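A quick write-up on the structure given underneath.
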2 protein chains.
Amino acid sequence: MKTETKWIILGILTTGCQTGYEIKNLMDASFQHFWKMSYGQIYPALKVLVEEGYATQSVVRTEGAPEKKQYTITLTGRRMLHRWLETPIHDTSVVKNELLVKLFFGTEMTRHQAVAHLEEQAELLQAKLDVYEQIEANICNNDESEFWMYTLNYGKEIAQAELLWCQKTKGEIKCKSE
Amino acid sequence: MKTETKWIILGILTTGCQTGYEIKNLMDASFQHFWKMSYGQIYPALKVLVEEGYATQSVVRTEGAPEKKQYTITLTGRRMLHRWLETPIHDTSVVKNELLVKLFFGTEMTRHQAVAHLEEQAELLQAKLDVYEQIEANICNNDESEFWMYTLNYGKEIAQAELLWCQKTKGEIKCKSE
DNA sequence: GGGCACATGTAAATCGTTACATGATTTC
DNA sequence: GAAATCATGTAACGATTTACATGTGCCC
């Protein structure tokens, strides 16, 4: 079990999410632009956290609802989380950018093709930006959302920069073909 | 074998690199900011490419140098590469940003800690930018480097945007603590 | 002789995704 | 009664990293 996965799940337990399902929802809603996880990672990680004493599990049976397993972070768990949060960030960045890879091999395609890729990417980025704007419009800017806002800002600003680069590069590629 | 890995190796074969070792070197020198690969992927991929008829292998024995295996892309290989280059880019982005994750859990650390992370990151970004500048200064701007330059520009502009965000966020975090 | 650059490769372990299995309740 | 949402989980597969094994030739 990669340690980061475990600590991130543990961290999410401090945000009000208590079940695997809720964790996955939070991931998809607020986290997906900087980290992704599947059920195949979440449920086993929760199990491990309980085994190690960093979280406790309780089964909740509500009438008129499916049974669910609530997880709560323990004191030891919180201490370990803080320890992880304090440690310096090592470059985990597993970057895979297919657009840049294909563009790198630009001499093997037509300029028209390269431009088409950039245009498609620009559209996707614009859509991403629109989503971010919508999210921002829908949250009340309270104390609890402070740190989330920083990560959202990151997403917005990087997408913006990517969009600008797309436009600029498109222009340069067209320019050179004349 | 993930198809992308194979096509990327095949693409690199068109850039003048002919051995696994050279491919790895190119990767580390020009590619590392948007895709990474280890020998454990490169050598098996080369083997597969030969098996599928997309590349040929020849063993070269030079006096006073270790034996090496040169790979050359075949006509079929080039045709398949072009086909891959033409296909639309699907979002492969496997983003893992530990800084954003830790910042997301900002309420679980001191503001001082959060700022420290941002400062450390800013330094790393500045170092990255310096490396990019140096690379740019050392290459002659000929036709062959055109597409590589675009990917380098991407790296520079995104790093720049990240740096700005670091600075801005640092300010906001400090501001709120007073 | 030590260290470095060149050069190739694999096995094991780890990590992560996908697809599947299951089943309750609610809404249309 | 169909579809959507809530809810949990795993097995198989695929991808990737890490560590190891091996050897040459050159320079100090």
Side-chain angles (χ1 to χ4, degrees), chain A residues 1-9 12-13 16-29 31-32 34-51 55 57-71 90-96 98 101, chain B residues 1-9 12-13 17-29 31-32 34-51 55 57-71 90-98 101:
Chain A
M1 165 89 37
K2 197 163 186 185
T3 46
E4 278 120 40
T5 304
K6 219 171 65 181
W7 301 133
I8 293 171
I9 302 278
I12 295 179
L13 250 29
C17 294
Q18 295 207 282
T19 71
Y21 189 75
E22 283 167 4
I23 289 169
K24 175 72 171 137
N25 281 352
L26 179 74
M27 276 276 165
D28 292 344
F31 237 77
Q32 95 286 27
F34 54 90
W35 209 285
K36 284 169 189 167
M37 267 186 217
S38 59
Y39 284 126
Q41 287 174 274
I42 295 169
Y43 285 114
L46 285 168
K47 208 170 151 187
V48 170
L49 286 171
V50 172
E51 277 163 19
Q57 189 205 63
S58 59
V59 179
V60 178
R61 284 189 197 79
T62 317
E63 276 182 64
E67 180 180 299
K68 61 180 169 178
K69 295 183 179 169
Q70 276 188 348
Y71 294 85
H90 39 264
D91 196 17
T92 5
S93 63
V94 188
V95 190
K96 296 197 176 223
E98 200 179 312
V101 170
Chain B
M1 164 92 35
K2 195 162 187 186
T3 46
E4 278 120 40
T5 305
K6 220 173 62 180
W7 301 132
I8 294 171
I9 301 278
I12 295 179
L13 250 30
C17 294
Q18 295 207 281
T19 71
Y21 189 75
E22 282 167 5
I23 289 169
K24 176 72 172 137
N25 280 353
L26 179 75
M27 275 276 165
D28 292 344
F31 238 77
Q32 94 286 28
F34 54 91
W35 209 286
K36 284 169 190 169
M37 267 186 216
S38 59
Y39 284 127
Q41 287 173 275
I42 294 168
Y43 285 114
L46 285 169
K47 209 170 151 188
V48 170
L49 285 171
V50 172
E51 277 163 19
Q57 188 204 66
S58 60
V59 179
V60 177
R61 285 188 196 80
T62 315
E63 276 182 65
E67 180 180 298
K68 61 179 168 178
K69 295 182 180 171
Q70 276 187 346
Y71 294 86
H90 39 266
D91 195 18
T92 4
S93 61
V94 188
V95 190
K96 297 198 175 220
N97 190 322
E98 199 178 314
V101 170

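It should be emphasised that the depicted structure is a prediction, and the values quoted were computed from it without experimental measurement. Quick note: numbers below take in every heavy atom, side chains included, and nothing from hydrogens, waters or symmetry partners. Reminder, nothing fancy here: chain letters follow the sequence lines and each chain counts from 1.
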Strictly below 4.0 Å: does [X] bring a side-chain N or O up to OP1 or OP2 of [N]?
| X | N | result |
| --- | --- | --- |
| Thr19(A) | dC6(D) | no |
| Lys96(A) | dT16(D) | yes |
| Thr5(B) | dA15(D) | no |
| Gln41(B) | dT17(D) | yes |

Can you check the [X] [atom1] to [N] [atom2] distance for me, whole Å?
| X | N | atom1 | atom2 | result |
| --- | --- | --- | --- | --- |
| Tyr43(A) | dG16(C) | OH | C1' | 17 Å |
| Lys47(B) | dT8(C) | NZ | P | 14 Å |
| Tyr39(B) | dA21(D) | OH | C1' | 15 Å |
| Glu4(A) | dT17(D) | CD | P | 14 Å |
| Ile42(B) | dA15(D) | CD1 | C1' | 15 Å |
| Gln18(B) | dA7(C) | CD | P | 12 Å |
| Glu67(A) | dG9(D) | CD | P | 9 Å |
| Met37(B) | dT17(D) | CE | C1' | 14 Å |

What nucleotide, of [options], holds the atom closest to the side chain of [X]?
| X | options | value |
| --- | --- | --- |
| Ser38(B) | dA7(D), dG16(C), dT18(D) | dT18(D) |
| Lys68(B) | dT8(D), dT8(C), dC6(C) | dT8(C) |
| Tyr21(A) | dT5(D), dG16(C), dT10(C) | dT5(D) |

Under the side chain to side chain donor-acceptor pair (under 3.5 Å) rule, collect the residues that match up with Lys24(A), sequence neighbours excluded. Asp28(A)
Could you check whether Lys69(B) gets within reach of a base, just the sugar-phosphate, or nothing at all, counting any heavy atom under 4.0 Å? sugar-phosphate
When rounded to the nearest 0.5 Å, the distance separating CD of Gln57(B) from CG of Leu49(B) is 11.5 Å
Please lay out, stage by stage, how Ile9(B) and Met37(B) fare under the test side chain to side chain contact (heavy atoms under 4.5 Å, CB included). CA-CA 10 Å; Ile9(B) 301 278; Met37(B) 267 186 216; 3.6 Å; yes
Gln18(B): which residues meet the side-chain contact (heavy atoms from CB on, under 4.5 Å) condition with it, sequence neighbours left out? Glu22(B), Gln70(B), Thr72(B)
Is Lys47(B) atom NZ crowded by more than 12 heavy atoms from other residues, nucleotides or ligands, each under 6.0 Å away? no
